[in-house]
Amino acid sequence: VTRFHAEHAWLGGPGVTSGVLIEVQGGTIASVATGVTPPPGTRRLRGLTLPGLANAHSHAFHRLLRGRSQAAGGDFWTWRHAMYAMAARLTPERYHRVALAVYAEMALAGVTCVGEFHYLHHRPDGRPYDDPNEMGHALVGAAGAAGLRITLLDTCYLTGGIDRPLEGVQRRFGDADAAGWAERVGALEDSAGSRVGAAVHSVRAVPPESAAIVAEWARARAAPLHFHLSEQPAENRDCVARYGRTPAEVLEAAEVLGAGATAVHATHLGSADVDRLGASATTVCACPTTERDLADGIGPLRALARAGCPLALGSDSHAVIDLLEEARALELDERLGRGRRGNWAPHELLSAATVAGHRALGWPSAGRLVVGAPADLVSVDLASVRTAGTGPDLLATVVYAAAAADVTDVVVGGREVVRDGCHLLVPEPARALTAVVAELEGDR
Ligand SMILES: [Zn+2]
């Protein structure tokens with residue numbers, strides 16, 4: 001039994017609790033006692049301790065574009081051109097090294113579980129590697145080495161646009177058809193720290209009948225199913241022109257929507273699509289720092305939540321890796337769009353970053369500090385230059401004032417991964433990332 005004593009902890013709901021003793025057995029929370037002074041031999045956690053944060057939408061290699069594409073102007077499509085150039089140069093070994101550094105950055109930011117929306121499957125010319133899942137294994141191995149749990153959202157990607165063949169680097173993304181995708185993904189297995197989920201890239205990249213096959217595959221395995229939805233107006237226009245329906249309507253007809261499914265972005269939706277997603281209880285994963293970086297727009301997230309969609313959060317392109325920033329952006333973007341404050345309470349924003357994200361990734365018991373949950377603990381400094389001198393509402397301080405850099409300690413499944421702001425398993429993630437970027441640059 002390992003014992004952690006949190007100075008303050010968020011146990012759910014609108015308030016926090018002081019003096020919380022958490023006993024851990026076999027990686028799981030065995031007991032939670034409140035109002036306790038720390039007994040001897042207890043690991044002390046200063047500040048406010050949260051459950052582990054879930055980053056429900058990640059493309060690890062997009063981190064390579066940080067600071068490279070952002071000042072250049074253009075839009076989503078010019079950014080995608082730069083992203084494809086980076087994708088063309090990744091080998092399984094480099095993919096692993098990039099992901100290891102990115103996942104270490106996530107752990108340092110309090111992320112204990114990542115949903116990796118993975119479509120970089122094959123060699124640059126589209127031929128499979130000797131092990132057709134070698135790139136997926138590189139990601140799962142990286143998450144394990146960085147101390148994170150991972151849901152590998154293995155992505156079906158068949159067309160380079162509606163009715164268009166895959167071209168250039170897109171050939172790396174494609175399996176022959178949905179049956180070929182299912183056969184390859186069928187060889188992947190869950191482990192203690194990893195789950196296999198499915199993804200339909202988008203209506204741009206997967207025809208409806210193929211999306212239906214992927215959805216059926218996910219249902220048969222009770223695996224999470226994710227998809228990009230209406231990130232850009234052009235996607236809606238092309239979809240309506242071809243099918244006479246919006247992307248949400250097409251995916252509803254293919255039985256992709258539902259309580260086990262997660263729509264990523266859901267930015268450009270009409271009110272009928274909002275109702276459609278809400279009625280199906282599809283989770284919506286917002287990625288506000290990416291959506292603002294790519295000039296995507298502000299989605300109808302408050303309306304989606306009202307309609308019945310649980311909300312989760314992801315850092316997607318990793319322009320920023322800071323789930324606290326994503327959580328506050330949900331509220332702050334809504335304020336800009338509606339001209340009103342107070343759309344979500346801080347604990348609701350934290351629920352999106354914790355329990356809802358874990359549920360969307362197929363870890364329904366995680367993201368809460370309760371008996372029987374995985375012992376994932378994230379401590380946030382309340383005495384840093386950013387968080388000192390704030391008011392008595394500690395949840396408001398963490399959501400509106402704290403940054404990833406204020407995360408001091410991270411425990412994943414009872415194992416210490418970050419202590420005093422240092423990663424215990426990946427000693428120098430910045431240096432490791434710099435080295436692999438230099439290699440990729442040299443290959444240009
Ligand atoms: Zn994405």
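Any value given below was found using the heavy atoms of this structure, including those in side chains, with hydrogens, waters and symmetry copies removed. We count ligands from 1, going down the list as the structure has it; atoms in each ligand are counted the same way.
With R172 contributing its side chain and L90 its backbone, the two residues share a donor-acceptor pair below 3.5 Å.
Within the coordination shell of the Zn ion (ligand 1), defined by N, O or S atoms under 2.8 Å, H265 is absent. Among the backbone and side-chain atoms of H59, an N/O/S atom is found under 2.8 Å from the Zn ion (ligand 1).
Put simply, the residue from E326, E325, E331 that forms a salt bridge (charged side-chain N to carboxylate O under 4.0 Å, His left out) with R328 is E325.
At most 12 heavy atoms of other shown residues, nucleotides or ligands fall within 6.0 angstrom of atom CD in E183.
The Zn ion (ligand 1) forms the vertex of an angle spanning NE2 of H57 and NE2 of H228; to the nearest 10 degrees it equals 90°.
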task = Test D333 against R292 for salt bridge (Lys or Arg N to Asp or Glu O under 4.0 Å), laying out the working first.
result = CA-CA 9 Å; D333 287 356; R292 71 193 183 199; 5.1 Å; no
